[in-house]
Amino acid sequence: MAATAVARDYLALTKPKIISLLLVTAAGGMFLAEQGVPSLLTLAWVWIGGALASGGANAINQHLDRDIDREMRRTQSRPVAGDRVSPRYALAFGVGLNVAAFALLTTLVNPLAAILTLAASLFYVFVYTLWLKRTTPNNIVIGGAAGAVPPMVGWVAVTGSLDLPAVYLFAIIFFWTPPHFWALSLLIQSDYEQAGVPMLPVVSSRRQTTLHVLLYSIALTGLTLMFALLPDIGLIYLASAVILGAPFIFLAWRLWRDDSRGRAKAAYLYSLAYLALLFVAIMVDSVVNLP
């Protein structure tokens with residue numbers, strides 16, 4: 001039983017729920033680059049390498065953020081904050097996972113995919129966690145770049161190069177991240193206030209936060225429609241971008257009109273489904289290839 005509990009805590013260090021969404025976006029990049037179903041072996045290596053790197057970065061994040069995590073109800077039961085895993089062991093675990101990810105991707109996928117993955121981990125740890133998160137309400141705007149890298153890695157795994165479609169995929173997630181996290185910050189605003197984290201509703205106001213959510217949602221939807229202008233993008237994706245984007249804007253508008261907890265939760269939960277379904281649409285579109 002003790003070994004099972006330890007294994008469960010080390011798994012929790014990696015934040016597997018977050019990893020699952022990153023893997024979906026990486027697969028979207030691979031399907032788009034292949035214009036069909038990519039090599040399942042390469043997909044497996046990208047997923048394994050991506051999971052190791054993301055999990056490692058999350059473990060290091062919990063090592064560095066243990067003081068903040070202990071102040072927030074949502075995070076105070078995490079393994080390091082809850083004193084079940086030593087901070088030193090969490091750090092070593094996170095570094096080890098990233099070393100393993102870099103070695104695996106370099107040898108079994110390609111060096112550029114490995115470099116991009118490592119860069120995302122380093123950005124998340126040093127730029128977002130150590131600097132932006134504690135100093136500026138724009139933390140999630142800039143810091144979201146780390147989570148936008150997986151589809152680029154997927155594209156590079158197939159093509160070996162960075163091209164315009166990969167940049168578009170990066171931009172889509174980059175613009176999705178702020179409204180997603182600002183909706184969450186409205187739900188746990190008191191936690192951020194208690195921990196002294198300068199999220200937008202803490203340093204500005206809920207009204208300003210909801211306005212930013214609405215503006216970013218509109219910009220995101222416009223960007224996803226522009227993406228459909230690329231020659232490799234078909235009607236299935238375009239229809240999906242319209243069908244998925246309209247509720248995103250509506251929920252953001254409704255939240256701007258009424259910043260209640262219920263509406264913030266609805267916007268937050270929909271944003272999760274939105275990104276997953278949009279990248280599933282990219283995969284389906286790439287396989288079916290309607291003009």
Side-chain angles (χ1 to χ4, degrees), residues 11-32 38 43-62 74-75 78 94 97-98 101 105 113 116-117 119-121 123-125 128-129 139-141 143-157 166 168-185 187-188 213 216-217 220-221 223-224 227 237 240-241 244-245 247-248 251 264-286:
L11 179 63
L13 282 175
T14 67
K15 302 181 186 178
K17 290 182 180 179
I18 294 176
I19 291 175
S20 62
L21 188 56
L22 298 178
L23 298 184
V24 171
T25 63
M30 293 187 71
F31 274 75
L32 181 61
L43 177 62
W45 292 133
V46 168
W47 273 357
I48 293 170
L52 289 172
S54 300
N58 288 330
I60 298 171
N61 168 268
Q62 290 189 53
R74 185 176 69 96
T75 58
R78 285 176 174 173
L97 290 181
N98 270 280
L105 291 170
L116 285 172
T117 302
S121 291
F123 189 92
Y124 179 69
V125 169
Y128 173 69
T129 301
N139 47 21
I140 206 62
V141 178
V149 170
M152 298 176 73
V153 174
W155 177 276
V156 165
Y168 259 109
L169 294 177
F170 174 92
I172 286 171
I173 300 179
F174 186 80
F175 275 84
W176 167 86
T177 303
H180 165 71
F181 272 98
W182 283 330
L184 173 63
S185 71
L187 290 172
I188 57 172
V213 170
Y216 265 86
S217 300
L220 170 65
T221 302
L223 180 63
T224 61
F227 186 47
Y237 168 81
S240 300
L244 292 169
F248 203 128
L251 290 171
K265 185 175 182 180
Y268 168 70
L269 292 177
Y270 182 77
S271 69
L272 288 169
Y274 170 88
L275 190 66
L277 291 173
L278 187 71
F279 274 80
V280 168
I282 289 172
M283 288 184 260
V284 174
D285 186 84
S286 299

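The model shown is predicted, which means the values in this text are computed figures rather than measured ones.
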Margin query: To check you understand the geometry: which heavy-atom pair defines the closest contact between Val46 and Ala157, and what is its length?
Written below: CG2-CB, 3.5 Å
Checklist line | Shortest non-hydrogen contact between Gly147 and Leu22, atoms and distance | finding: O-CD2, 3.7 Å
Notebook entry, point to check: Can you find a pair of side-chain heavy atoms, one from Leu11 and one from Pro16, that are under 4.5 Å apart?
Noted result: yes
Check: Is atom OH of Tyr270 surrounded by more than 12 heavy atoms (other residues, nucleotides or ligands) closer than 6.0 Å?
Finding: yes
Checklist line | Heavy atoms from other residues, nucleotides or ligands near NZ of Lys15 exceed 12 (cutoff 6.0 Å) | finding: yes
Note to self: To the nearest 0.5 Å, what is the distance between CD on Gln62 and OG1 on Thr129?
What the structure shows: 10.5 Å
Margin query: Could you measure the distance from the OG atom of Ser54 to the CG atom of Leu23? Nearest 0.5 Å is fine.
Written below: 7.0 Å
Margin query: Run the side-chain contact (heavy atoms from CB on, under 4.5 Å) test against Ile173 and tell me which residues pass, sequence neighbours left out.
Written below: Thr25, Ala148, Pro151, Trp176, Thr177, Leu275, Phe279
Check: What is the minimum heavy-atom distance between Leu32 and Ser286, and which atoms define it?
Finding: CA-OG, 3.3 Å
Check: Where is the tightest heavy-atom contact between Ala145 and Phe123, given as atom of each residue plus distance?
Finding: CB-CE2, 4.0 Å
Check: Just how far is it from atom CG of Asp285 to atom CZ of Phe31, taken to the nearest 0.5 Å?
Finding: 12.0 Å
Check: Which of these, Asn61, Asn58, Asn98, sits in a side chain to side chain donor-acceptor pair (under 3.5 Å) with Ser121?
Finding: Asn98
Margin query: Taking side-chain contact (heavy atoms from CB on, under 4.5 Å) as the definition, give me every residue that meets it alongside Thr224, ordered by chain and number, with sequence neighbours left out.
Written below: Ile172, Leu220, Thr221, Tyr237, Ala241, Tyr274, Leu278
Checklist line | Shortest non-hydrogen contact from Met283 toward Gly28 | finding: CG-CA, 3.8 Å
Check: Out of curiosity, Tyr268 OH to Phe181 CZ, how far, rounded to the nearest 0.5 Å?
Finding: 7.0 Å
Margin query: Rounded to the nearest 0.5 Å, what separates atom OH in Tyr216 from atom NE2 in His180?
Written below: 15.0 Å
Notebook entry, point to check: Which residues pass the side-chain contact (heavy atoms from CB on, under 4.5 Å) test with Trp45, sequence neighbours left out?
Noted result: Leu41, Ile48, Leu104, Leu108, Val109
Checklist line | Closest contact, heavy atoms only, Val213 versus Ser217 | finding: O-OG, 2.6 Å
Margin query: Working to the nearest 0.5 angstrom, can you tell me the gap between Arg74 CZ and Ile188 CD1?
Written below: 3.5 Å
